[in-house]
Amino acid sequence: MASSKLMPFAYFRGKVRPADSARVSIAVHSLQYGTACFTGIRGFLRDGKIRLFRVRDHFDRLMNSVKIIGFDFDMTYEEFDAMLAEMVKKNQPTSDLYVRPFVFTEEEVLTPRVDQMKFELATYMIPLGDYLDTTRGLKLMTSTYQKFSDSTVSVKAKANGMYLHSSLARTQANQHGYDEALVMDHNWNLVEGSGENIMIVYRGEVIMPPTGSSMLEGITIRTVIDFLREEGIPIRFEPIDRSMAYTCDELLLTGTAAQVLFAESLDRRPISKTMGPVATMLRKKFAEVIEMKHKKSKEWVNEYVI
Ligand code: PMP
């Protein structure tokens with residue numbers, strides 16, 4: 001299991017300070033009701049610097065989550081970027097890492113409403129290698145936990161409370177001997193994993209759930225869309241039912257932590273024993289971006305001096 005060995009410095013109450021001094025009361029609203037939003041950014045240690053992937057897009061999604069849920073919080077991209085630069089300098093990372101910025105409240109309010117409270121940003125960093133095993137295909141399970149829809153909780157907000165659903169699905173899959181869960185929406189279409197978007201290679205085309213489906217809009221899958229277009233591979237945004245997934249050529253999961261992974265099977269129906277051509281191409285392109293060899297590298301990668 002990916003555990004969190006916090007790096008020594010965190011951003012908390014407006015400044016970078018020792019992580020073990022970043023403490024809140026047990027009564028804070030964010031802890032009691034899950035009223036917080038977050039994002040997760042991957043960092044790569046290269047040439048004595050930390051390269052963070054698509055920081056601007058992560059910031060925009062975080063601020064959109066704040067807007068969707070209606071938290072009273074504001075910050076500029078420049079402030080966010082400066083905070084990350086200071087975190088990298090203070091933490092002196094010696095490996096690849098993961099950055100977890102989140103917006104939460106320290107208010108000890110009992111009423112479950114989000115207005116009339118002040119929200120603030122905090123950030124921690126952890127070393128992170130592979131989150132799921134990237135050397136083999138994953139054994140997936142269709143979860144019995146149905147994904148909530150936007151009419152129930154705003155699915156496009158990456159809000160902490162939503163991850164109770166992910167936790168139930170992932171725990172169930174792992175306890176049944178699978179690596180990861182895929183969740184279905186109210187129409188019984190597959191929409192995403194517990195922490196990843198999904199796509200299938202089906203009859204020579206790539207199919208992804210429509211953006212308006214009950215899923216988070218991942219920054220990794222947006223990158224994948226660019227890579228597929230670059231290669232001239234047709235993409236269709238259409239519902240994916242379970243039978244299509246059972247009979248596809250490749251079933252892929254994408255996410256910041258997971259990156260690009262392929263499924264060996266879904267519900268014990270074999271899909272592919274080895275990594276297919278689309279997954280192989282996508283992984284290669286991701287590596288090119290991080291090695292600053294892709295035409296989008298400059299746009300997508302921020303370098304921070306250690
Ligand atoms: N769906 C869910 C539920 C997630 O938690 C994540 C991870 N943030 C994703 C999809 C993939 O998003 P991203 O590529 O931005 O990490």
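Each ligand, and each atom within it, is numbered from 1 in the order the structure gives.
- Residues L164 and F148 fall into different hydrophobic clusters, defined by Ile, Leu, Val, Met, Phe, Trp and Tyr side chains chained together at heavy-atom separations under 4.5 Å.
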Short N or O contacts of ligand 1 with protein, under 3.5 Å, listed by atom name?
| from | atom 1 | to | atom 2 | distance (Å) |
| --- | --- | --- | --- | --- |
| ligand 1 | 1 (N) | E192 | OE1 | 2.7 |
| ligand 1 | 5 (O) | K158 | NZ | 3.3 |
| ligand 1 | 5 (O) | Y163 | OH | 2.5 |
| ligand 1 | 8 (N) | K158 | NZ | 2.6 |
| ligand 1 | 14 (O) | I219 | N | 3.2 |
| ligand 1 | 14 (O) | T220 | N | 2.8 |
| ligand 1 | 14 (O) | T220 | OG1 | 2.5 |
| ligand 1 | 15 (O) | R61 | NH1 | 2.7 |
| ligand 1 | 15 (O) | R61 | NH2 | 3.2 |
| ligand 1 | 15 (O) | I219 | N | 2.8 |
| ligand 1 | 16 (O) | T256 | N | 2.8 |
| ligand 1 | 16 (O) | T256 | OG1 | 2.7 |

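- At most 12 heavy atoms of other shown residues, nucleotides or ligands fall within 6.0 angstrom of atom CZ in R268.
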Determine all donor-acceptor pairs shorter than 3.5 Å in which one atom belongs to a side chain in residues 19-31; sequence neighbours excluded.
| from | atom 1 | to | atom 2 | distance (Å) |
| --- | --- | --- | --- | --- |
| S21 | OG | P18 | O | 2.8 |
| S25 | OG | A27 | N | 2.9 |
| S25 | OG | E108 | OE2 | 2.6 |
| H29 | ND1 | T35 | OG1 | 2.8 |
| H29 | NE2 | T111 | O | 2.8 |
| H29 | NE2 | R113 | O | 3.4 |
| S30 | OG | T35 | O | 2.7 |
| S30 | OG | T105 | N | 2.8 |
| S30 | OG | T105 | O | 3.3 |

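- A donor-acceptor pair shorter than 3.5 Å can be found between the side chains of K158 and Y163.
- Residues Q172 and S143 have side chains that bring a donor and an acceptor to within less than 3.5 angstrom of each other.
- Under 3.5 Å, the side chains of Y178 and D267 contain no donor-acceptor pair of N or O atoms.
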